[in-house]
Amino acid sequence: MSITAIRGFNDILPGQTGLWRQIEQTAWSIFRAYGFGEIRLPIVEKTELFLRSIGETTDIVEKEMYTFPDRHGDMMTLRPEGTAPAVRAFVEHKLYTAPVTKLYYTGPMFRYERPQKGRYRQFYQIGAEVLGDESPRADAEALSMLMKFFATLKVKGASLQINSLGDANCRPAYKEKLYNYLKGKAGELCENCLRRIETNPLRALDCKAADCIEATKEAPSLVDSLCEGCAAHFDRVKYFLRLYGIDPLVNPRMVRGLDYYTRTTFEITADTGLGSQNAVAAGGRYDRLVEELGGPATPCFGFAIGMERLALLLEGEQALAAPLTVFIALGDEAEKKGVELVSAWRGAGIRVVEEFSAGGLKTRMKRADRLGADFAVILGENELNEGVVTVKDMKQARQDTVAWDKVASIIAGAGH
RNA sequence: GUGGACGUGGCUCAACGGUUAGAGCACUGGACUGUGACUCCGGGGGUUGGGGGUUCGAAUCCCCUCGUCCACCCCA
């Protein structure tokens, strides 16, 4: 067996990268229009960063990180997500001297999980973070930007759910309430949730086991237990979302898997095409993280989009590539002239590949077809003598004799 | 980490434990020496994922291993 890529690590082939590029460019141009600037972050960080930000008892940290000692024995981790590195950079470079900082980034993340449709060990995210804005309006604006991004790409069947997790004021009290409730229901919960009672009782709320759903039906609701400040914030988020034309669906049971979230959290799921890994974007507010990582108190809101999942939703909807022209020269003299002509046409912006193979015109036309040519441009002795080429429209099965200097404009104007 | 399905030419798939593992598509040569997509005829291409076992005989049955997919867990 020859060497293959590592399990869960994929090559993105040319047939795919067009769509990827289209997605990234759409994100970049929209995010820029909202005042975001790009940040490029390292792929490896000190393990400590993720332990402190994501939380030591989360699944990501407990069992999904690629962690290893470097040659000096320092512990390093392949980043499992982008927010922590972004915040680390924000603090390290004192970007907080600006009134508000808006960052976006793209790149690979790594989690050691069993691969599945839409889930890989190296996966790509487009992330965005608003650092230094406490206003519920920031939440709503970032969400509306995200919805606009999905709409621009014509993503179908994506729905937004939001929730509020409260803050240091109200969450501990709620947790306590929930803890006591769950203790009373212990007999009816699944094994996992029994463990969660102690580690992270909130997680029991979004357990999919039928018994647990039943057992937590009457559980105290998070949304109803928010303190005044959080409740007001949440109300304003919903208010502003409506101003942006978004009718948010509140899901009081949605819990996120990272410890740093406070107040608003959300998830965008696709109802078809992704199987069970159907969250295509998610995020929320993290008002304490910057402080926890050594910066000044800085309320933030951010999200990440899953590239592979989005690409799965968009497959087949790819924008058409620019038309491809295949150039076929017949004979030595034509070949010589062809070097000059092809170069000029490329300079004029059309995509041209030369078909160098030996063999009759028939064979070479066949190859042109197989290459996916929209046009075949033929230069033989007859054409050479008259200063023209034969331009064949492969899709329409029509051809014309065209002067050398008119080729580029005719092909560019055909607009396939 | 758990459970299930599946690994056969480049691709999609056939082949009851029994000749030399086949077909379609793709590739290649020709019919057709300046016109692809249609047609006809020929050609190349396989350690049946890998290793072990059972058997006179294994793609087929058993074990191990690797991989893919799906689901759980969890997440983007």
Side-chain angles (χ1 to χ4, degrees), chain A residues 1-10 54 58-64 79-83 106-128 146 158 190-193 195-196 200 203 206-209 254-258 265-270 274-284 302-313 326 328-331 334 355 357-384 389-399:
Chain A
M1 192 58 160
S2 50
I3 297 170
T4 58
I6 303 166
R7 165 173 235 198
F9 287 67
N10 300 118
I54 298 172
T58 58
D59 278 28
I60 291 178
V61 168
E62 276 182 349
K63 50 191 197 197
E64 295 175 2
R79 61 181 188 189
E81 59 107 32
T83 298
T106 57
M109 308 294 165
F110 304 84
R111 290 182 203 172
Y112 192 92
E113 297 184 272
R114 197 80 160 246
Q116 199 176 319
K117 186 186 186 81
R119 185 169 78 184
Y120 310 100
R121 290 184 174 179
Q122 174 173 333
F123 61 101
Y124 291 77
Q125 287 189 337
I126 301 174
L146 187 54
C190 73
E191 221 175 285
N192 260 320
C193 286
R195 195 166 39 81
R196 285 170 179 147
N200 188 355
R203 289 234 72 100
D206 69 348
C207 182
K208 284 167 204 145
M254 188 179 62
V255 179
R256 309 266 66 229
L258 289 76
T265 58
F266 76 94
E267 205 171 274
I268 294 177
T269 54
L274 287 186
S276 67
Q277 307 303 318
N278 65 349
V280 67
F303 62 79
I305 302 159
M307 270 300 277
E308 287 85 353
R309 292 180 186 180
L310 186 51
L312 279 170
L313 292 178
V326 172
I328 300 173
L330 303 167
E355 212 297 300
S357 69
L361 182 58
K362 185 172 190 69
T363 309
R364 299 175 68 185
M365 285 297 286
K366 191 168 182 167
R367 292 173 65 112
D369 189 41
R370 292 281 308 138
L371 286 168
D374 297 284
F375 296 94
V377 172
I378 303 161
L379 180 66
E381 253 179 70
N382 303 339
E383 287 91 345
L384 190 61
V389 288
T390 298
V391 175
K392 179 157 190 177
D393 183 326
M394 301 292 273
K395 305 288 192 255
Q396 308 291 324
R398 280 198 309 248
Q399 65 181 43

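- Under the rule for a side chain to side chain contact (heavy atoms under 4.5 Å, CB included), E381(A) has no partner lying at least two apart in sequence or in another chain.
- Residue R7(A) is the one, among A281(A) and R7(A), whose nearest nucleotide of RNA chain B lies closer to the 5' end (criterion: closest heavy atom).
- As rounded to the nearest Å, A26(B) and U12(B) have P atoms that lie 15 Å from one another.
- Separating the C1' atom of G49(B) from that of A59(B) is a span of 12 Å, rounded to the nearest Å.
- Evaluation of the side chain to side chain contact (heavy atoms under 4.5 Å, CB included) rule for F123(A) yields M109(A), R111(A), Q125(A), E308(A) as partners, not counting sequence neighbours.
- The distance from atom NZ of K63(A) to atom P of C72(B) is 14 Å, rounded to the nearest whole Å.
- Under the salt bridge (Lys or Arg N to Asp or Glu O under 4.0 Å) criterion, K63(A) pairs with D59(A), not counting sequence neighbours.
- Annotation: side chain to side chain contact (heavy atoms under 4.5 Å, CB included) contacts of L312(A) (sequence neighbours excluded): K117(A), L274(A), E315(A).
- Put simply, the side chain of R119(A) and the base of C69(B) share no donor and acceptor less than 3.5 Å apart.
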Taking only nitrogen or oxygen atoms into account, show me every contact under 3.5 Å that the protein makes with nucleotides 3-11 of chain B, one pair per line with its distance.
from: G3(B); atom 1: O6; to: R114(A); atom 2: NH2; distance (Å): 3.4

Dot-bracket assigned to RNA chain B with the 3.5 Å Watson-Crick/G-U criterion, [ ] for crossing and | for other-strand pairs, is (((((((..((((....[...)))).(((((.......))))).....(((((..]....))))))))))))....
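- Under the side chain to side chain contact (heavy atoms under 4.5 Å, CB included) criterion, Y112(A) pairs with Y66(A), R121(A), not counting sequence neighbours.
- With RNA chain B read from its 5' end, the first of the two nearest nucleotides for N10(A) and Q277(A) is the one closest to N10(A).
- With sequence neighbours excluded, no residue forms a side chain to side chain donor-acceptor pair (under 3.5 Å) with E64(A).
- Every side chain to side chain donor-acceptor pair (under 3.5 Å) that Q116(A) has, sequence neighbours left out, goes to R119(A), S276(A).
- Atom name C1', nucleotides U68(B) and C11(B): the rounded distance is 16 Å, in whole Å.
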Go along nucleotides 27-39 of chain B 5' to 3' and tag each nucleotide: B for a protein heavy atom under 4.0 Å from its base, S when only backbone or sugar atoms are that close, - otherwise. SS---B-BBBB--
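- On the P atoms, U28(B) is 15 Å away from G36(B), given to the nearest whole Å.
- Shown here are the salt bridge (Lys or Arg N to Asp or Glu O under 4.0 Å) partners of R256(A), two or more places apart in sequence or in another chain: E267(A).
- Spacing between atom OH of Y120(A) and atom C1' of A76(B) amounts to 12 Å, rounded to whole angstrom units.
- The side chain to side chain donor-acceptor pair (under 3.5 Å) check on T269(A) picks up nothing, with sequence neighbours excluded.
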